[in-house]
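Here the structure comes first, spelled out in C-alpha cells, and everything after it is commentary.
No hydrogens, no waters, no symmetry mates; every other heavy atom, side chains included, goes into these values.
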There are 2 protein chains.
Amino acid sequence: MTFTQTNTNPVPEYRDEHLSIDFENGVVKVDSATATFTRKQYELLRMLVEHAGQVIPRETLLQNVWGYSTEIRTRTLDVHLSHLRKKLAPYGDRYIERVFRVGCRFQPGREVARSAVQ
Amino acid sequence: MTFTQTNTNPVPEYRDEHLSIDFENGVVKVDSATATFTRKQYELLRMLVEHAGQVIPRETLLQNVWGYSTEIRTRTLDVHLSHLRKKLAPYGDRYIERVFRVGCRFQPGREVARSAVQ
DNA sequence: GGATGGAGTAAAGAAGTTGTAAAACCGCCG
DNA sequence: CGGCGGTTTTACAACTTCTTTACTCCATCC
C-alpha cells in the first residue's frame with residue numbers, strides 16, 4: 001500500500017540538478033548517490049514534492065501521512081522533517097523550508113534537461 | 001502498480017559482472033563458478049531477477065512462488081531469501097535488498113558489454 | 001530586552017520485522 | 001524401513017522504524 005497512488009499530482013518522477021526521485025520504484029538520489037528512506041520519511045517527502053512550491057500546513061501533513069486528526073499535538077512530524085533534511089544533505093535546508101507557525105514547503109531546484117538522463 | 005512496466009518481461013538470460021543466469025537451461029554462475037539451487041530457490045531468484053529494480057511485496061512472492069493466499073503468516077520466504085543470499089555470496093546482500101515491511105528488490109549489477117560477444 | 005511559545009535534533013525507549021541456525025517435517029527411492 | 005534432500009517451522013538475536021522526551025535555539029510580540 002506504500003506505493004499506491006493517493007495524491008493530487010501523480011507525476012512519475014521529480015528531477016532537478018541535485019535531487020531525483022523515481023516515484024515508480026521509490027528510488028531517491030542526491031547528487032546521483034542513492035539515499036534510502038523509511039516509509040514514513042518517503043511518504044512525507046513525496047507529499048512535499050508533489051506539492052512543490054506550496055505551503056503545506058502541519059495539520060495537513062499529519063492527516064495525510066499519519067492519519068492523525070487535527071487535534072493531536074506531537075513532535076513526530078518535526079523529527080521526521082529533521083531526518084529528511086539530514087538525508088537530503090547538504091541541500092536539506094534549501095529544499096525543505098519552514099513556514100513559521102504554519103508548516104513547510106518544498107522549494108524545488110532548477111529543472112534539469114531531461115536529455116541528460118543516463 | 002509495482003508491476004506496471006520496466007522489467008516485467010522474461011528475458012532468456014541475466015548477466016552482469018558477477019552473476020549470470022541462463023534461464024533457458026537453469027544455470028546460474030557467480031563469478032563464473034556454477035551455483036546450484038533447489039527448485040523453490042530458483043523460482044524465487046527468477047522472480048526477483050525478472051523484476052530487477054522493482055520492489056516486490058512479500059505477498060506477491062508468496063503467491064507466485066508458493067501459491068499461498070495473502071493471509072498466511074510464515075517465515076519460509078525469509079529463510080529462502082537467506083539461502084539465496086548465501087549462495088550468491090559474497091554479493092548476496094548487494095543483490096537482494098530488503099524493503100522494510102514490504103518485501104524485497106533485486107538490485108542488478110553493472111551490465112556487461114554484450115556487444116563484443118556478438 | 002525579556003517573555004512566550006514554536007521548531008531543530010540527539011538520544012532513549014517501545015514495538016515490530018528480519019536474519020538465520022537448527023530442528024522438525026515430508027515425500028521419494030533403494 | 002531408513003536414509004536423503006528439500007522445505008517449513010521454531011526460536012532467538014539483531015536490527016529498523018517510529019515515537020517520545022528533553023533540551024536548545026529561534027521568532028515574534030510587548
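Using a 4.0 Å heavy-atom criterion, one finds that B/Arg75 contacts the bases of the nucleic acid, with or without backbone contacts as well.
The interatomic distance linking B/Leu62 (CG) with C/dT18 (P) rounds to 11 Å, in whole Å. With rounding to whole Å, B/His83 atom NE2 is found 11 Å from C/dA22 atom C1'. If you take CG of A/Leu81 and C1' of D/dT20, they are 16 Å apart, rounded to a whole angstrom. Across the protein-nucleic acid pair, B/Lys87 atom NZ and D/dT7 atom C1' stand 12 Å apart, rounded to whole Å. Whole-Å rounding puts the A/Leu84 CG to D/dT17 P distance at 14 Å. Between the CD atom of B/Glu97 and the P atom of C/dG19 there is a distance of 12 Å, rounded to whole Å. One atom, CG of A/Asp93, and another, P of C/dT9, lie 7 Å apart when rounded to the nearest Å. Rounding to whole angstrom units, CZ of residue B/Arg39 and P of D/dC4 are separated by 23 Å.
Here CZ of A/Arg85 is found 9.5 Å from CD of A/Glu97. Values are rounded to the nearest 0.5 Å. Within the model, atoms CG of A/Leu84 and SG of A/Cys104 stand 9.0 Å from one another, a figure rounded to the nearest 0.5 Å.
The side chain of B/Thr76 sits closest to D/dT9 out of D/dT9, D/dT19, D/dC15. Listed candidates were C/dA7, C/dT20, C/dT18. Nearest to the side chain of B/Phe100 is C/dT18. Distance from the side chain of A/Arg98 is smallest to D/dC26 among D/dC26, D/dT16, C/dT20. The side chain of B/Arg101 approaches C/dG16 more closely than any other nucleotide in the set C/dG16, D/dC18, D/dT10.
The phosphate of D/dT8 has OP1 or OP2 within less than 4.0 Å of a side-chain N or O from B/Lys40. The shortest distance between the side-chain N/O atoms of B/Ser82 and the OP1/OP2 oxygens of C/dT20 is below 4.0 Å. Between A/Trp66 and the phosphate of D/dT19, there is a side-chain N or O to OP1/OP2 separation shorter than 4.0 Å. For the OP1/OP2 pair of C/dA21 and a distance below 4.0 Å, the side-chain nitrogens and oxygens of B/Lys86 include at least one atom meeting the criterion. Between A/Thr38 and D/dC18, a side-chain N or O to OP1/OP2 separation shorter than 4.0 Å is present. Here A/His80 reaches the OP1 or OP2 of D/dT19: one of its side-chain N or O atoms lies under 4.0 Å away.
A/Phe37 has its side chain out of reach of A/His83: every pair of non-hydrogen atoms, C-beta onward, lies at least 4.5 Å apart. With a 4.5 Å cut-off on side-chain heavy atoms, A/Met47 and A/Leu61 count as touching.
Here ring pair (Phe, Tyr, Trp, His ring centres under 6.0 Å) pairs that include residues 84-109 of chain A, with residues two or more places apart or in two chains, are A/Tyr14-A/Phe106, A/His18-A/Tyr91, A/Tyr95-A/Phe106.
Residue B/Phe37 is the one, among B/Phe37 and B/Val79, whose nearest nucleotide of DNA chain D lies closer to the 5' end (criterion: closest heavy atom).
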